[in-house]
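Below, each value reflects all heavy atoms present in this structure, side chains not excepted, and no hydrogens, waters or symmetry copies. As the structure is a prediction and not an experimental result, all values here were calculated from the model. One-based numbering, in listed order, for ligands and for the atoms of each.
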Amino acid sequence: MSQAQSTTQGVSKETIFQRADNAELYAGALIPGYSCGATFETQNPYNGQCIGQVEDGNANTVNKAVEAARETFEAGTWADLAPSERKEILLRWHALLVAHTEELAALDCIDGGKPISECLETDLPETLETIAWYAEASDKLFGRIAPTGKDALALIEKEAAGVVGAVLPWNFPALMYAWKVAPALAVGNSVVVKPAEQTSLSAYKMTQLAHQAGVPEGALCLVTGMGESTGQPLGLHADVDVVSFTGSTDVGRLFLQYSAQSNLKNIVLECGGKSPQVIFDDAYDLDTIVDDVLSAAFWNMGENCSCGSRLLVHSSRKTELLTLLKARLPEWVMGDPKDPATKIGPMIEAVHFNKVSGYLATAKAEGAELVYGGSTPSMGAGLFVEPTIFDGVNADMSLFKEEVFGPILAVTAFETEEEALRLANQSDYGLAASIYTADIRRANRAAKAIRAGNVSINCFSEGSIATPFGGYKQSGFGGRDNGLEAFDQYLETKTLWYAN
Ligand code: NAD
């Protein structure tokens, strides 16, 4: 292997874990001509140890990034490339990311407390697929011709929106980066990406690799730092055309305010959820669906926007289902995320642990019945919440209404289809839902009745990169991630009218 080739290979997960032990990891701004400033420590959520430094960006950092992004957009060094040329560069980026899969998986594991097996088997494969999918789609987008009659010719074109701010959450760091950055770059925008302050390490590496692949540095700038000191200036910046945000509904609302207070930039929000899993009395053999039900509730420690955190089950099947869930839950092993056997890691940080564990007490105080789990084992830095099930949760309880973002499942029994659908829709959120029934007509009725962006039938699924993802009600605003629909976030529509 040549020297040039060897520099494009990622390091092993053991090397990343060793660097973390030595507190040598780093993430900071990547902006042409900019030198990084002060840093804060980033921790391994499992043991609380410092694993490295992250640059503590501020409004000045954001200004520099937006300036560089605008300059590059105007210069056309990325925006004006032929789509096939952009595709080639993005595919080179994809190849570099493939070579760094293990390194990126290890960074998300150590930074976010995410089980390494999940990072290697789910997060990174989906991240890579996303980059390749948008690279391949980028030169297959067509405009339209309007039906004007013979007196004119009208072309309806899509153009890159300009400078896009991408603001990311901490629960799927590499994957959320790919969901936003890949479609925005693919159609020629300049992007300023701001990862969550808790999980910036993989974003730093992915951005470096994009530059190595040939994406101009000004077309993809990285800014790290706190929400208020970097996310807010990005949201308020008068020269940003679009902000695409994934995170909590509360912060999402702020971005709508930032837009109103500045330049009316387009805002797209992918926010929280309180998704129902509806098990009808005629659901197929529960033994075959119990794993889907568990994954929906506990995958990624429940730190998942589409977490199926409300289990609505017909009263005739509840005992059988709870028995199966309880029998299978010991397989959800808690432990050090670096251990391949671990399925449940710690909560991301103490503030979040306090919020999630607070629901254990609240649920009991409000009258829910603890049927599994409920402990907060004192391993590592003590941020673990055991996978937990509460039965007897009614629609007035906090556990029914509020996004916990942790491994706590609320069980509510129902008697009729009408009641099930009413309960399913009794939420401020509308991101996802799962329906289990053997009756295709009932499945169809229920899928149409449930107000959610993603409804899966007889399984738990978020779809694939080919299908749009996003929510109704307070789960989302202004657009969708994934699928060809994601491009709409990052394109303006222009009419060209030619008189004959
Ligand atoms: P968060 O809202 O706290 O933070 C998200 C981002 O916003 C971070 O980069 C943060 O630094 C920034 N931010 C925080 N305060 C800000 C402020 N005042 N101004 C500007 N920016 C600010 O969300 P989180 O805790 O990182 O992520 C968890 C949330 O994300 C959950 O609610 C989850 O449901 C949601 N989520 C949604 C989807 C989806 O596709 N719908 C996917 C993943 C996560």
Side-chain angles (χ1 to χ4, degrees), residues 27 40 54 56-59 62 111-112 114 123 126 130 165-180 192-200 203 222-237 240 243-259 261-262 267-275 299-309 347-349 351-353 355-356 402-406 427-432 452-454 462-463 467-483 485-486 489:
F40 56 83
V54 174
D56 195 4
N58 54 36
V62 170
D111 211 11
K114 292 169 65 79
D123 290 45
E126 289 188 10
T130 301
V167 181
L168 310 180
W170 45 257
N171 58 343
F172 293 91
L175 184 58
M176 293 301 108
Y177 178 107
W179 279 18
K180 303 288 187 202
V192 176
V193 56
K194 192 211 102 51
E197 54 271 29
Q198 299 88 346
T199 53
S200 301
L222 180 78
V223 173
T224 63
M226 301 297 164
E228 284 182 3
S229 43
T230 51
Q232 179 170 335
L234 194 57
L236 284 169
H237 204 293
V240 171
V243 167
S244 184
F245 166 87
T246 291
S248 60
T249 297
D250 285 347
V251 176
R253 279 181 216 286
L254 292 178
F255 276 93
L256 294 174
Q257 291 177 17
Y258 299 153
S259 172
Q261 289 161 13
S262 55
I267 299 289
V268 180
L269 307 176
E270 294 296 350
C271 299
K274 191 75 202 180
S275 299
W299 172 46
N300 207 50
M301 293 70 77
E303 293 172 340
N304 178 19
C305 55
S306 61
C307 173
S309 52
M347 299 284 92
I348 180 80
E349 59 186 358
V351 176
H352 188 59
F353 168 81
K355 177 191 155 194
V356 174
E402 296 168 19
E403 184 186 45
V404 174
F405 222 54
S427 174
D428 290 339
Y429 297 108
L431 187 54
N454 294 70
E462 295 182 345
T467 57
F469 182 82
Y472 285 30
K473 301 194 260 183
Q474 293 179 35
S475 287
F477 181 90
R480 290 286 185 267
D481 282 332
N482 297 355
E485 283 76 2
Q489 296 184 39

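- When the heavy atoms of Ser229, Gly227, Pro173 are ranked by distance to atom 22 (C) of ligand 1, first place goes to Gly227.
- For ligand 1, the polar-atom distance check finds no N/O of Thr246 at less than 3.5 Å from any of the ligand's N/O atoms.
- Taking the side chain as every heavy atom from C-beta outward, Lys194 and Val167 approach each other to under 4.5 Å.
- Close approach to Gly231 involves these atoms of ligand 1, each under 4.0 Å from a residue heavy atom: 20 (C), 21 (N).
- For atom 4 (O) of ligand 1, no protein heavy-atom neighbour is found at a distance under 4.0 Å.
- For the pair Phe405 and ligand 1, the shortest N or O to N or O distance does not fall below 3.5 Å.
- For ligand 1 and Tyr258, the ligand atoms under 4.0 Å from any heavy atom of the residue are 17 (C), 18 (N), 19 (N), 20 (C).
- In this structure, of Glu462, Glu349, Glu403, Glu270, the residue bringing a heavy atom nearest to atom 32 (O) of ligand 1 is Glu403.
- Residue Ser248 places at least one N or O, backbone or side chain, under 3.5 Å from an N or O of ligand 1.
- Contact detail for Val192 and Val223: the closest heavy-atom pair is CG1-CG2, 3.9 Å.
- Aromatic pair Phe172/Trp179: ring centres not closer than 6.0 Å.
- Contact atoms of ligand 1 toward Cys305: 33 (C), 34 (O), 36 (N), 37 (C), 38 (C), 39 (C), 40 (O), 41 (N), 42 (C), 43 (C), 44 (C) (distance under 4.0 Å to a heavy atom of the residue).
- For Pro195, the heavy-atom gap to ligand 1 drops under 4.0 angstrom.
- When Asn171, Val193, Val351 are ranked by how near their heavy atoms come to atom 43 (C) of ligand 1, first place goes to Asn171.
- Inclusion of Leu168 in the set of residues having an N or O under 3.5 Å from an N or O of ligand 1 is warranted.
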Evaluation steps, side chain to side chain contact (heavy atoms under 4.5 Å, CB included), between Met301 and Asn171
CA-CA 10 Å; Met301 293 70 77; Asn171 58 343; over 6 Å; no
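- With a 4.0 Å cut-off on non-hydrogen atoms, Asp250 does not touch ligand 1 at all.
- Against a heavy-atom cut-off of under 4.0 Å, Glu228 is close to the following atoms of ligand 1: 18 (N).
- Residue contact check for ligand 1: Gly471 places no non-hydrogen atom closer than 4.0 Å to it.
- Under the rule for a side chain to side chain contact (heavy atoms under 4.5 Å, CB included), the partners of Ile267 that lie at least two apart in sequence or sit in another chain are Val243, Phe255, Leu256, Ser259, Lys265, Leu269.
- When each atom of ligand 1 is checked for a heavy atom of Trp170 under 4.0 Å away, the hits are 24 (P), 25 (O), 26 (O).
- With hydrogens left out, the protein atom closest to atom 35 (C) of ligand 1 is Gly247 O, 3.1 Å, a heavy atom.
- Atom OG in Ser248 sits 12.0 Å away from atom CD in Gln474 (nearest 0.5 Å).
- Among the atoms of Ser475, none of the N or O lies under 3.5 angstrom from an N or O of ligand 1.
- Distances from ligand 1 to the non-hydrogen atoms of Leu431 include at least one value under 4.0 Å.
- For ligand 1, the atoms lying closer than 4.0 Å to a non-hydrogen atom of Glu197 are 10 (C), 11 (O).
- Here the protein heavy atom with the shortest distance to atom 7 (O) of ligand 1 is Phe245 CE1, 3.3 Å.
- Between Lys194 and ligand 1, at least one N/O pair is under 3.5 Å apart.
- Scanning the protein for heavy atoms near atom 27 (O) of ligand 1, the closest one is Pro169 CB, 3.4 Å.
- The closest heavy-atom contact to atom 16 (C) of ligand 1, among the options Val251, Leu269, Val167, Asn454, comes from Val251.
- An N or O contact shorter than 3.5 Å is missing between Asn304 and ligand 1 by distance.
- Residue contact annotation: Phe172 has no non-hydrogen atom under 4.0 Å from ligand 1.
- Annotation: Thr249 places no N or O atom under 3.5 Å from an N or O atom of ligand 1; distance criterion only.
- Scored by the side chain to side chain contact (heavy atoms under 4.5 Å, CB included) test, Ser427 finds Lys274, Arg310, Tyr429 as partners (sequence neighbours excluded).
- Less than 4.0 angstrom separates some heavy atom of Cys271 from each of these atoms of ligand 1: 34 (O), 35 (C), 36 (N), 37 (C), 38 (C), 39 (C), 41 (N).
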